[in-house]
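Please read the structure below before turning to the comments.
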Amino acid sequence: MPIEELDIIETPENVDLQRRLAGIGSRFLAGLLDSLLMIAMLMVLVIVVLAFDLHLFLVGDRMAEGAEVWLIAVLVVIGFLIYWGYFLFFELWMNGQTPGKRYMRIRVVQQEGRAVSFDSIAVRNLLRAVDGLGGYAVAGIVMFATRKMQRLGDLAAGTVVISEEIPDYSARQDTKQQVLDDMPATAAVLQETRLTPQEYRLLHSYWLRREQLTLEARCQLLPKLLWPVLERVGTRPADNSLAALETCLDELLTQAGSVRPSAAHTEPREESP
Amino acid sequence: VTPAHFLESRRAVWNRLESLLSRAARSGLRSLSEAELHELTRLYPAVAVDVARARMYQVDPVTQQRINQLAIAAHGLLYRRPSTRRLAAIWRFFRREYPRLFRRMWPYVTVAVAIFMIGALGTYVATRLVPSYAYIFVPHGLDVTPGDVTSEDISERFRQVPHPPMATGIMANNISVAVNSFALGITAGIGTCYLLLLNAMMLGGFAAHFVNHGLGYPLVAFIAPHGTLEIFAILVSSAAGLRLGYSLAVPGGMKRSASLRLGARDAVLLVLGTVPMFIIAGFIEGFVTPSYMPGIIKILLGVTVAGMVIAYLLVTGRDAGEGASARRHAVTDAASP
């Protein structure tokens, strides 16, 4: 099982970028936003008909009565185009995004990392006819079962949905992350905690990332990282549970952080908002 | 250069890129000025290189991730398919590619026709032998048993409905059925077969019921104008579903995922090409079917239109020569040093 939903693409610049797959939550929300927008567009059509009928009722225009059937005929076509064409049009026009996807900062791309093609857009969106069964239950189940969180339409089109969300530093609430700096620890810290610089950096990076990791990944990783250190330092956790280990780690790092109370100010990470 | 120095010197660049990206994500690429777009194209490769440098300096993972996501977001904005002239592409598709695709898909079309025939003829024969079977297929409103139904009455029901909304409504409904036939192919073709068989049996049962009551000709006169093309287009979209299903079920020498992608591409183009057929059939159903034209003219019209569509699919797009030119190319390629 992959520890994180990552996927590597090689860019024309010869740099491997790590694509983060969009989560089911953000995809679902994007879909919800798009559906609401679609319903709003369809509502406009209904309002046009109602306004027309009101006009007939108030004015009793004989000419307009014959025109109404044509109006409805045209609106049926427009409604149909909105229903089937919404995703096709936007994903084509906005390079794999729809208004909802843009708001959630996710994008459809080909598995190989190229921009999404017309064929793929058509395949993935016409297959909504099956993916959408049971209120997208089919899509949800298939996404859980596939490694790259693809629904049937994505599998057939060879597409993935990736996140373009940029991690927001200013929103970091964890005080420990502000106190601890990412630079190699000073000699004073290392003496206090008896960690080597490598160990410090390793444990610290685990601490920074722990919330992005799945619980399984944390249970797998932390014992491997922490046990050798604890054995040498001579500390014993209460038991072998993840919580106990993380408390130990917390103490180690707090000890390190408390030695350098000014650390947060020496290397400002971001301009204050 | 220490990691600290690296972070210090590049921070302004990353923040600038981030502000450009978030503006583009909020209000679209169009909200950036020309100078800013140029800036974006300069910043992206520089930041992509920073991703590699950050990895080399082993800066903290959160910062690495941030630079990586900046590059990914810029990549998504900057890289897209080369824009084509859409109308020209659509014209080329129907002028050459679609008839060729259709001819390449003949095995699937054949299977679809066979399934349809089995379903329709089977039910027809069964309902002719046991008339009461018809009530499985015929809704109450359309029953003809009361006996006072004349040949004109079938068309008469249609004349009550205003024509323009009926034409577009029928188009919308039929295209949705076609899309479903395609999409259900993802069940290894089982869903497509089911849908096709269901429609075939309904038609067969219906036809037998009318023939049982001596109304065979009026029914043909009623269905044929639009039905010939409509049924043909449904068969083509079912063939698309079968193509999708077969590529999933029988990948041949390929990986299943690769086979599915190839099959899906053929299938979706095959079904998209039926849209104009349904539009033509919809207009005929809305305006010709309920008209007071003599039945024989209507039937001839329907057969002619469907015949023209099939001729288009079988004949056009051959100018460069499908098989012959491919062989010629192979020969010249082999001959050239």
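A quick note: this is a predicted structure, and the numbers were derived from the prediction, not measured. Convention: sequence-line order gives letters A, B, ...; per-chain numbering from 1. Values reported hereafter were calculated over all heavy atoms of this structure, with side chains retained and with hydrogens, waters and symmetry mates removed.
The existence of a salt bridge linking B:Arg80 and A:Glu91 is excluded, since no basic side-chain nitrogen approaches an acidic carboxylate oxygen closer than 4.0 Å.
Contacts between A:Val123 and chain B at a heavy-atom distance below 4.5 Å involve backbone atoms as well as side-chain atoms. For a residue to count as touching a neighbouring chain, one of its non-hydrogen atoms must lie under 4.5 Å from one of that chain's; by this rule A:Leu133 does not touch chain B. In this structure, the portions of A:Ser163 lying under 4.5 Å from any heavy atom of chain B include both its backbone and its side chain. With a 4.5 Å cut-off on non-hydrogen atoms, B:Ile186 touches chain A through its side chain but not through its backbone. Residue contact with chain B, scored on non-hydrogen atoms closer than 4.5 Å, involves the side chain of A:Gln110 exclusively. With a threshold of 4.5 angstrom between heavy atoms, A:Ala157 approaches chain B through N, CA, C or O but not through any side-chain atom. Heavy atoms of B:Ala24 lying under 4.5 Å from chain A belong exclusively to its backbone. Heavy-atom distances place no part of B:Arg256 under 4.5 Å from chain A, backbone and side chain included.
The backbone N or O of B:Ala25 sits nowhere less than 3.5 Å from a side-chain atom of A:Gln97 that would complete a donor-acceptor pair. When atom types are taken as modelled, the side chain of B:Arg81 and the backbone of A:Ala115 share a donor-acceptor pair closer than 3.5 angstrom. At least one donor-acceptor pair under 3.5 Å links the side chain of B:Asn68 to the backbone N or O of A:Gln18. In this structure, the side chain of A:Asp119 does not engage the main chain of B:Leu269 through any donor-acceptor pair within 3.5 Å. Although no hydrogens or angles enter the test, the distance criterion places a donor-acceptor pair under 3.5 Å between the side chain of A:Asn95 and the main chain of B:Tyr79.
Here the side chains of B:Leu272 and A:Leu126 are in contact, with some heavy-atom distance below 4.5 Å. Side-chain contact between A:Leu127 and B:Leu244 is present, with heavy atoms from C-beta onward closer than 4.5 Å. Side chains of A:Leu17 and B:Gln69 form no contact here, defined as non-hydrogen atoms less than 4.5 Å apart. Taking 4.5 Å as the limit, some side-chain heavy atom of A:Arg105 sits within range of a side-chain heavy atom of B:Ser22. Contact check for B:Arg26 versus A:Arg102: no side-chain heavy atoms found under the 4.5 Å cut-off. By the 4.5 Å heavy-atom criterion applied to side chains, A:Arg107 and B:Leu77 are counted as neighbours. A heavy-atom distance below 4.5 Å is found between the side chains of B:Ser176 and A:Trp84.
Ranked by heavy-atom pairs shorter than 4.5 Å toward chain A, the options B:Ala52, B:Ala74, B:Gly76 are led by B:Gly76. When the candidates B:Val271, B:Val268, B:Leu29 are compared by the number of heavy-atom contacts under 4.5 Å with chain A, B:Val268 comes out ahead. Ranked by heavy-atom pairs shorter than 4.5 Å toward chain B, the options A:Gly96, A:Ala129, A:Ser120, A:Gly158 are led by A:Gly158.
By the neighbour-count criterion of 12 heavy atoms within 6.0 Å, atom OH of A:Tyr103 is sparsely surrounded, having that number or fewer from other residues, nucleotides or ligands. Residue B:Phe283 qualifies as open at atom CZ: its count of foreign heavy atoms under 6.0 Å is 12 or below. Atom CZ of B:Phe94 sits in a crowded spot, with more than 12 heavy atoms from other residues, nucleotides or ligands closer than 6.0 Å. Counting non-hydrogen atoms of neighbouring residues, nucleotides and ligands closer than 6.0 angstrom, the OH atom of A:Tyr86 exceeds 12 such neighbours.
For a heavy-atom cut-off of 4.5 Å, chain B lies close to A:Trp70, A:Ile72, A:Ala73, A:Val76, A:Val77, A:Phe80 in residues 70-81 of chain A.
Considering CD1 of A:Ile166 and CG of B:Leu70, their distance stands at 4.5 Å, rounded to 0.5 Å.
Smallest separation of non-hydrogen atoms from B:Ala264 and A:Ala156: CB-O, 3.4 Å.
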- Task: Output, in order, the C-alpha distance, side-chain angles, deciding distance and verdict of side chain to side chain contact (heavy atoms under 4.5 Å, CB included) for B:Arg86 and A:Leu92.
- Result: CA-CA 11 Å; B:Arg86 300 235 183 273; A:Leu92 201 61; 4.0 Å; yes

